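Below: the structure, in structure tokens.
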Amino acid sequence: MIGVTENLAIISDLLTQSAVEAGRAPDAVHLLAVSKKQPLSKIIDAANAGQRDFGENFVQEGLEKIAQTRNLGLVWHFIGHLQNNKTRVVAENFDWVHTIDNLKTAQRLSKQRPESLGPLNICLQINVDDESSKSGITIAKLPELAAACSDLPNLNLRGLMCLPAARSDFSEQRLPFAKLRELANELRSGGLEMDTLSMGMSGDYRAAIFEGATMVRIGTAVFGNRT
Ligand SMILES: *Cc1c(COP(=O)(O)O)cnc(C)c1O
């Protein structure tokens, strides 16, 4: 069986290849290794292979892994749906939250973020396909939420995130990612400073990189199937 170290080397090459094909600098695309439902041993293997950024969807599971890897200097990203009764532990333990879709949650995180840790990095999750089953704000509400979040003292608004509906065709996959890129550009021309487009997963990272992804969130292609 191919291990995590080999998978990371393969993915890293594929990300570089996609970036070069897209005419972008390979170091502009960062790998967020999504470790939800993966054992600690695989996270440690990935860390030993040089992987720094990890993504978790479930608060309790993430907290346990963070506690067990304190000495490794890893960067932890919360990428799941965040309930308001769990914001405190997230503010106290994670480095990033990618899934902000309402002001109340952002306000709580800002208030609960220990100042000693520096600002919590956030991305706003956009429901690009306008799917009723999915989290994320509508495009219409984005400018107001972005402006309000950028004013919160203990948060650093880094960019936008999306989780589009699965599509198999490459040019179809690019459409929602292109939309996210345009939305980020509009906010930037309105004066907000943002450097992150969190988009693309195991099945569509190449399309995301072609549309400007700076952080691709990849789980199964790094760690294998989830338990
Ligand atoms: C699980 C998950 C991923 C990774 O998905 P893979 O298909 O395993 O690469 C990325 N982003 C989010 C928000 C996820 O929940």
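We count ligands from 1, going down the list as the structure has it; atoms in each ligand are counted the same way. Not measured: the values here are computed from a predicted model.
Interface atoms of ligand 1 facing I218, defined by a heavy-atom separation under 4.0 Å, are 9 (O). Proximity to N57 (heavy-atom distance under 4.0 Å) selects the following atoms of ligand 1: 14 (C), 15 (O).
Looking only at heavy atoms of the protein, atom 9 (O) of ligand 1 is closest to S202 OG, 2.5 Å. Counting only heavy atoms of the protein, atom 10 (C) of ligand 1 lies nearest to M201 SD, 3.1 Å. Atom 11 (N) of ligand 1 has its closest protein heavy atom at R217 NE, 2.9 Å. For atom 1 (C) of ligand 1, the closest non-hydrogen atom of the protein is K36 NZ, 1.4 Å.
At a heavy-atom distance under 4.0 Å, atoms from both the backbone and the side chain of I79 approach ligand 1. Counting heavy atoms closer than 4.0 Å to ligand 1, residue R226 contributes side-chain atoms (C-beta onward) but none from N, CA, C or O.
At a cut-off of 3.5 Å, with distance as the only test, a side-chain donor of T105 or N84 sits close to an acceptor on the other residue.
The number of heavy-atom neighbours closer than 6.0 Å to CD of E193, taken from other residues, nucleotides and ligands shown, is 12 or below.
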Requested in this report: Check step by step if salt bridge (charged side-chain N to carboxylate O under 4.0 Å, His left out) holds for R167 and D129.
Outcome: CA-CA 12 Å; R167 296 163 168 89; D129 291 319; 2.7 Å; yes
Report task. Show the numbers, then the answer: is there a side chain to side chain contact (heavy atoms under 4.5 Å, CB included) between D53 and L31? Result -> CA-CA 7 Å; D53 290 274; L31 171 62; over 6 Å; no
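For ligand 1, one of its N or O atoms has an N or O atom of G219 under 3.5 Å away.
Of the possible donor and acceptor atoms, none in the side chain of T87 sits under 3.5 Å from a partner among the backbone N and O of L109.
Residues I11 and I44 are members of one and the same hydrophobic cluster, defined by side-chain heavy-atom contacts under 4.5 angstrom among Ile, Leu, Val, Met, Phe, Trp and Tyr.
Put simply, NZ on K42 and CZ on F223 are 8.5 Å apart, with the number rounded to the nearest 0.5 Å.
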